[in-house]
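Written below as structure tokens is the structure these notes are about.
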Amino acid sequence: MVSINKYTLKSIHPYNLDETLYSGQSFKWVSLDISNDISDNWHQGIIDNRRVRLAQSKNNIYLWTAKKYADQDISTVSSYLRLDDDIEKIYLAISKSTYITSAIKKYRGLHLLRQPPWETLVTFICSANNNIPRIRQLVSAMSTKFGQKVTDTFGTFHLFPSSTALYNAGEESLRELGLGFRAKYVYAAAELDVNNIINVEKLVNKNYHESLDKLTHIPGVGDKIANCVLLFSLNKLEAFPVDVWIKRVLREVYIDATLPIPDSQIRPWAQKEFGEYAGYLNQYLFHNRRLFKSTIK
DNA sequence: ATCGAACCTCCAAT
DNA sequence: AATTGGAGGTTCG
């Protein structure tokens, strides 16, 4: 009989688990239809090689896992959720407009994640010219087909496939999963990683600009996707992905005829304007503007 | 240098 | 019921 328990991860800073897990940084969390003494709103996901269940009540994050793995999982989850970010200090640094202070107020506790670099890279290559349900579908299909099968106390599941697994899979079978033109790019990224030419896992030790340069040398990875990888997995809080939503909100709030900035200069302009935590500001701008889309396009 | 179009696929909106 | 347009972008001409 395996012992399963719920563990508490105390957050000394405000945290909003729901907003964080579904804020377009990760595409593999699912909401469970299970309720128990702790919560009726559990989320299940995989971090590295471990499947975990998380819930929140007040300022406590709850981890539901086998006792045997508790220590390891607490440490993995704390890092993944960035529980140690001094978010109040970050709020002070990025509160540069009434628009952003109102977004912070609405989504207080929304955090960036610290995800595994390789799967973040592949996921965001798959995000190009694509919609969220399909990104989720592709990530799931790649895992089921090419990821290592694992059994835990909750049943069986598949890890996100390694670069070797995707390299061995080949471009054609990735195309068969529905990746389309992105199959070529994922395959190329796997090949560069396998041959030790560009290892995204190793970029965590490099600075922002060197990592950006390396990432954008991967086919299918431009400035936007590279900045997503830098921000969501490589711990570069100054990274600033400029997508259609960010462009929209910046033009609505900051940039206009009196401050004309060409598209190509938006990212460096924003980093200079918003500073070392520009990436956190980006996440709040994005989240706020995207959830507003049903009202105004 | 800069700027559209094309790119795979799926599906919601005509 | 068939067709078109677009989706959290990048590349190619």
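Computed from a predicted structure; not experimentally measured. Below, chains carry the letters A, B, ... as their sequence lines are ordered, and counting in each starts from 1.
- Sorted pairs that involve residues 153-170 of chain A and meet salt bridge (charged side-chain N to carboxylate O under 4.0 Å, His left out), not counting sequence neighbours, are lacking altogether.
- For residues 218-239 of chain A, the set of pairs meeting the ring pair (Phe, Tyr, Trp, His ring centres under 6.0 Å) definition, not counting sequence neighbours, comprises F124(A)-F232(A).
- Note: CZ (R136(A)) to C1' (dA7(C)) measures 16 Å, nearest angstrom.
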Between the protein and nucleotides 11-13 of chain C, list the N/O to N/O atom pairs that are separated by less than 3.5 angstrom.
from, atom 1, to, atom 2, distance (Å)
dT11(C), OP1, G220(A), N, 3.0

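- The shortest side-chain heavy-atom distance between W245(A) and L285(A) does not fall under the 4.5 Å cut-off.
- Within the 4.5 Å cutoff, side-chain heavy atoms of L234(A) are placed close to those of L215(A).
- Remark: the N130(A) side chain and the dA7(C) base include no donor-acceptor N/O pair separated by less than 3.5 Å.
- Judged as a side chain to side chain donor-acceptor pair (under 3.5 Å), the pairs with a partner in residues 45-54 of chain A (not counting sequence neighbours) are, in order, Q44(A)-R53(A), R50(A)-T65(A), R50(A)-D73(A), R51(A)-D152(A).
- No hydrogens or angles considered: a donor-acceptor pair under 3.5 Å links the side chains of Y254(A) and S97(A).
- Looking at residues 101-117 of chain A, you'll see that no heavy atom sits under 4.0 Å from any atom of DNA chain C.
- Among residues at least two apart or in separate chains, salt bridge (charged side-chain N to carboxylate O under 4.0 Å, His left out) pairs with a member in residues 24-33 of chain A are K28(A)-E119(A).
- With rounding to whole Å, R290(A) atom CZ is found 8 Å from dG8(C) atom P.
- Atom CD1 of I135(A) and atom C1' of dG9(C) are 10 Å apart (whole Å).
- E19(A) places no side-chain N or O within donor-acceptor distance of the main-chain N or O of Y107(A), the cut-off being under 3.5 Å.
- Atom CG of L121(A) is separated from atom C1' of dG8(C) by 16 Å (rounded to the nearest Å).
- In this structure, a donor-acceptor pair under 3.5 Å is absent between the side chains of R182(A) and N129(A).
- As rounded to the nearest Å, dG8(C) and dT2(B) have C1' atoms that lie 24 Å from one another.
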Side-chain atoms of residues 202-209 of chain A: list all donor-acceptor pairs with protein atoms under 3.5 Å, sequence neighbours left out, distances to 0.1 Å.
from, atom 1, to, atom 2, distance (Å)
K202(A), NZ, N199(A), OD1, 3.4
N207(A), OD1, H209(A), N, 3.2
N207(A), OD1, E210(A), N, 2.8
Y208(A), OH, N227(A), OD1, 2.6
Y208(A), OH, R267(A), NH1, 3.4
Y208(A), OH, Q271(A), NE2, 3.0

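- When DNA chain B is scanned in the 5' to 3' direction for atoms under 4.0 Å from non-hydrogen atoms of chain A, the outermost contacting nucleotides are dC7(B) to dC10(B).
- We find that NE2 of H217(A) is positioned 15 Å from C1' of dT10(C), with the value rounded to whole Å.
- Residues passing the side chain to side chain donor-acceptor pair (under 3.5 Å) test with W118(A), sequence neighbours excluded: none.
- I125(A) CD1 to C228(A) SG: the interatomic distance, rounded to the nearest 0.5 Å, is 11.5 Å.
- The main-chain N or O of L179(A) is never found under 3.5 Å from a side-chain atom of R134(A) such that the two would form a donor-acceptor pair.
- Rounding to the nearest 0.5 Å places CD1 of I246(A) at 4.0 Å from CG of N282(A).
- Here the separation of dC8(B) from dA2(C), taken at their P atoms, is 26 Å to the nearest Å.
- DNA chain C forms stems at B:3-7 with C:9-13, B:9-14 with C:2-7, each a run of 3 or more consecutive Watson-Crick or G-U wobble pairs whose two key distances fall under 3.5 Å.
- Using a 4.0 Å cut-off on heavy atoms, the residues of residues 165-184 of chain A that approach DNA chain B are R175(A), G178(A), G180(A), F181(A), R182(A), listed by number.
- Between the side chain of E276(A) and the backbone N or O of A93(A), no donor-acceptor pair lies under 3.5 Å.
- Rounded to whole Å, the separation between the P atoms of dC10(B) and dT10(C) comes to 22 Å.
- One interatomic measurement links the two molecules: CG of L250(A) to C1' of dG8(C), which rounds to 14 Å at whole-angstrom precision.
- Among residue pairs with one or both ends in residues 177-203 of chain A, those qualifying as ring pair (Phe, Tyr, Trp, His ring centres under 6.0 Å) are Y167(A)-Y187(A); sequence neighbours excluded.
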